[in-house]
Amino acid sequence: MPSLFDGASARIEAALAHIEISDDIAQQLAQPDTALKVSVPLRHDDGAMKLYPGYRVRYDTTLGPAKGGIRFHPDVNADEVSTLAFWMTMKCAVLGLPFGGGKGGIAIDPKQLSPAELERLSRAYIDKVADFIGPDSDIPAPDVNTNPRVMGWMMDQYRIINRAEVRDVITGKPVEMGGSAGRTTATGDGAFHTLTTLMKRWEREPDGTTVAVQGFGNAGARFARLCAEAGYTVVAVSDSGGGIYNADGLDLDAIAKAKETDGSVSAADGQTLSNDEIVELEVDILAPAALENVITADNADRVRAGVIVEIANGPVASEADRTLEDNGVQVVPDILANAGGVTVSYFEWVQNRQAWYWAADTVAERLQSRMVEATEAVAERAETLEVGYRTAAYVIALEKLEAAAKARGTSAFFRTDNG
Ligand code: GLU
């Protein structure tokens, strides 16, 4: 299988067939701008000290300071963090946010840690990357297995190091520490706005439309709930412990409870199914909301959903693109569908800088209008170019990056032959 980053580059190649960009920006986007690798020391509760590999990558800062989350997961590695930072670059461009792309992570299984160990790890990570991040250079946020509490510890550690409260250095904080209303639900909310906007364009109704959500974390669970409330039939959800199915629609309250008490949605009443099976279910909408490479060359042919809404980053591997397209599966790409999180992170950063906080309704309205606008722009471009939504989104992102790079000066500007 090609590396994650090779797969990401393939999507740029696909977009380049429809848009010309300068060599300057093409070269610049072919690799990360700056990458930091650190060893994060953690003193475990039993007294043992262990070092864990940590990363922070600023992929591109043409559109503004790098922005992107921090992931705690055993599979975190340099290639993954760079690719995630690349996707952040594209995502911020599609949404028109004044940010470049960044990402960070630690290769560790946080589920094996006590709360005190998790706090020490979070603070130790900031000790290592404090000179690399900053409110005008690189602004972290939550990602897989990190949450407002972790962001709060991290901001507090940054305060200790700098002897100053710097709220705009990190987003997704607890509201009590300068977080924004609506940030926790933002990724699921944004994905739902994107779906709603497209459903209107497709002239389709939620009633009678079936949905399966693979991944019942923060974003997946919120998306499932919004779909159910809007009249879709959510027939299946899963998490790393397995999944649950009901053709008539699931009881999401009971499922959330099962996850809380027993650790997995599969403990709820109903027919169980595996994570592999949920991807192959015959449903109208499949929303992979967990990790990368859930749909690959191996199983793409068995996907029977009509639409895939990518709530996770990179759930569809690039080698699956052709098969899905040939089979008529429409893919709503991650760099649009899951951009609600970073959009409210942007709102949080703005509120921190102004020390002036918005009501929950204001955040929700502004998120919705940004998501609808970006989705319409992607859908329109897809129609004009007769391409899928992913390629259309990449074309839009590349255009914005190209325009910003030109504004700063490119080879054409520096040429002395006036050619
Ligand atoms: N981790 C989220 C993402 O992948 C949010 C990043 C942010 O808020 O900066 O989009």
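As the structure lists them, so they are numbered: ligands from 1, and atoms in each ligand from 1.
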**OP:** Please identify which atoms of ligand 1 are closer than 4.0 Å to at least one heavy atom of Ser345.
**Re:** 7 (C), 8 (O), 9 (O)

Subject >> Protein heavy atom at shortest distance from atom 5 (C) of ligand 1 >> reply: Arg183 NH2, 3.5 Å

Original post:
So does Arg120 pair up with Asp127, basic N to acidic O under 4.0 Å?
Top reply: no

Subject >> Nearest-contact summary for atom 9 (O) of ligand 1 - protein heavy atom, Å >> reply: Lys67 NZ, 2.8 Å

**OP:** With heavy atoms under 4.0 Å as the rule, classify the contact between Met151 and ligand 1 as side chain, backbone, both or neither.
**Re:** neither

Original post:
Of all the atoms in ligand 1, which lie at a distance below 4.0 Å from a heavy atom belonging to Gly341?
Top reply: 8 (O)

Subject >> Charged N-O contact under 4.0 Å between Glu292 and Arg71 >> reply: yes

**OP:** Indicate yes or no: does an N/O atom of Lys103 lie under 3.5 Å from an N/O atom of ligand 1?
**Re:** yes

Original post:
Can Arg302 and Asp276 be counted as an ion pair, charged N to O under 4.0 angstrom?
Top reply: no

Original post:
Which of the atoms of ligand 1 are close to Met88, meaning less than 4.0 Å from one of its heavy atoms?
Top reply: 3 (C), 4 (O), 6 (C), 10 (O)

Original post:
Considering only protein heavy atoms, which is closest to atom 10 (O) of ligand 1, and at what distance to one decimal place?
Top reply: Lys91 NZ, 2.6 Å

Original post:
By salt bridge (charged side-chain N to carboxylate O under 4.0 Å, His left out), which residues pair with Asp60, not counting sequence neighbours?
Top reply: none

Subject >> Heteroatom proximity flag, Asn338 to ligand 1, N/O under 3.5 Å >> reply: no

Original post:
What pairs meet the side chain to side chain donor-acceptor pair (under 3.5 Å) rule with one or both residues in residues 281-291, with sequence neighbours excluded?
Top reply: Thr210-Asp284, Glu282-Arg304

Subject >> Asp143 neighbourhood, listing ligand 1 atoms whose heavy-atom distance to it stays under 4.0 Å >> reply: 1 (N), 2 (C), 4 (O)

**OP:** Look at atom 2 (C) of ligand 1 and find which of Ala141, Pro142, Gly68 reaches it with the closest heavy atom.
**Re:** Pro142

